[in-house]
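Report on one structure; see the data block that follows.
For ligands, and for the atoms within them, numbers begin at 1 and follow the listed sequence. Computed from a prediction, not measured in an experiment: that's the story for all the values here.
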Amino acid sequence: MTQSKKTGVIGFPVDHSISPIIHNHWIKENNIDAVNYEKINIDPEHFEKEVCALIESGISGLNVTVPLKELAFSFAKELTDVSKQTGAVNTLTFKKGTVCGDNTDVIGFQRSLDQKVVDHNIHNKNCLVLGAGGAARAVVCAIHNLGGRVYICNRTLEKAEQIQRFLQTETEVVDQKDLGDVVGEMQFIVNTTSLGLGNTNNTMINFTKVDQGAFVYDLIYNPKLTNFLSDAQKRNIQYQNGIKMLVEQAAESFNIWHNVLPKNSDLLMNKLEEL
Ligand code: ATR
């Protein structure tokens, strides 16, 4: 008899995660033989021991969130090309005694975009990525895949330069003090920093200098409208938050584990909107 699949998300802390709502919605909708998708706190200091205990308990897949994505990368025995490209793993799959690491943030970001945004604002256009953490790596790869020219700006310049070297894709690094000079030439601006969470505000961009045809994206989805997006809104610049990316990266992880690519339905989006 086969056992019901066990999946979940690990992070530190992980309490804020809304991934269980998304995965459990799809498990039910698609009649998947799986138990409740759970949130599991894993202390980075005991990562290996705690993940091994989960494997022992029969877990078949884990999503990985901040700050464990690099540890998951080192832990995985088999890595997909995209996870190698980003140096981070957000999806672990345990089967036949091995650990596979994948990164669905890249495809999640790509699928979160409307085709007209890709055509008008990314393909052969200048795209500015704010931040140089794990999320930035996935976004830089995605923009590169979509044919955009990537400019990276980060508070710590060296970290932007590190990404530039690591990703081996053609990117430019912009010093934060020069941002005002180049921002007007950007057709796509994406915030991957944590500025906008909690009581923080992202004031890296002077929106009066941004082209009105540009598109502004914030990976943050809680709050739904960060000050960054509301500054774009005030100037009638189009924008979107990170909720669709969250759902799309989850869909791809779900597909890896259950062999079903779930629908990003209005029902689910409304459920998430109400949170
Ligand atoms: P993630 O995996 O979500 O990308 P991360 O790796 O911790 O998270 O990266 C956080 C990003 O937010 C970094 O680019 C960080 O800038 P530094 O590299 O200079 O640390 C950026 N960030 C966080 N707090 C910031 C602040 N107060 N001002 C500017 N940038 C900030």
Side-chain angles (χ1 to χ4, degrees), residues 9-19 42-45 47 62-76 82-83 85-92 101-109 112 127-144 150-167 171-180 183 189-207 216-223 226-229 231 241-246 248-250 253:
V9 54
I10 55 171
F12 194 69
V14 77
D15 316 85
H16 66 279
S17 174
I18 60 171
S19 292
I42 298 268
D43 184 338
E45 299 219 349
F47 182 88
L62 286 173
N63 280 131
V64 184
T65 187
V66 182
L68 307 175
K69 292 183 186 180
E70 282 82 11
L71 286 169
F73 178 82
S74 308
F75 183 76
V82 65
S83 62
Q85 203 185 0
T86 55
V89 157
N90 81 331
T91 305
L92 287 168
D102 206 336
N103 190 321
T104 66
D105 286 333
V106 178
I107 193 80
F109 184 76
S112 75
C127 304
L128 177 65
V129 177
L130 302 176
R137 285 175 183 234
V139 168
V140 170
C141 288
I143 294 175
H144 181 77
V150 180
Y151 293 75
I152 310 173
C153 178
N154 190 47
R155 173 181 60 179
T156 315
L157 189 69
E158 301 90 78
K159 273 181 72 185
E161 287 168 348
Q162 260 173 29
I163 293 203
Q164 190 183 35
R165 282 194 300 274
F166 180 86
L167 294 180
T171 51
E172 300 271 343
V173 169
V174 181
D175 197 312
Q176 210 176 329
K177 67 175 174 9
D178 302 326
L179 207 45
V183 75
I189 302 173
V190 50
N191 173 48
T192 75
T193 76
S194 47
L195 288 170
L197 290 173
N199 295 324
T200 60
N201 272 338
N202 186 340
T203 53
M204 288 174 83
I205 299 291
N206 175 355
F207 278 91
V216 173
Y217 196 127
D218 198 333
L219 257 50
I220 295 172
Y221 53 86
N222 183 17
T226 53
N227 81 290
F228 186 74
L229 294 185
D231 287 349
N241 70 18
I243 195 71
K244 227 173 150 195
M245 177 184 176
L246 181 82
E248 293 293 352
Q249 63 77 32
S253 298

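Under the side-chain hydrogen bond (donor to acceptor under 3.5 Å, both in side chains) criterion, D105 pairs with K69, N90, sequence neighbours left out.
Ring-plane geometry between F228 and F207 is classed as perpendicular, the angle between the planes exceeding 60 degrees on a 0 to 90 degree scale with a lower cut at 30.
L246 CG to K244 NZ: the interatomic distance, rounded to the nearest 0.5 Å, is 13.0 Å.
Between N191 and N202, the side chains place a donor N or O and an acceptor N or O closer than 3.5 Å (distance only, hydrogens not considered). Between the side chains of N63 and S253, at least one donor-acceptor pair of N or O atoms lies under 3.5 Å. There is a side-chain donor-acceptor pair under 3.5 Å between T226 and D218.
Protein residues with a heavy atom under 4.0 Å from ligand 1 are V66, G131, A132, G133, G134, A135, N154, R155, T156, K159, T193, S194, L195.
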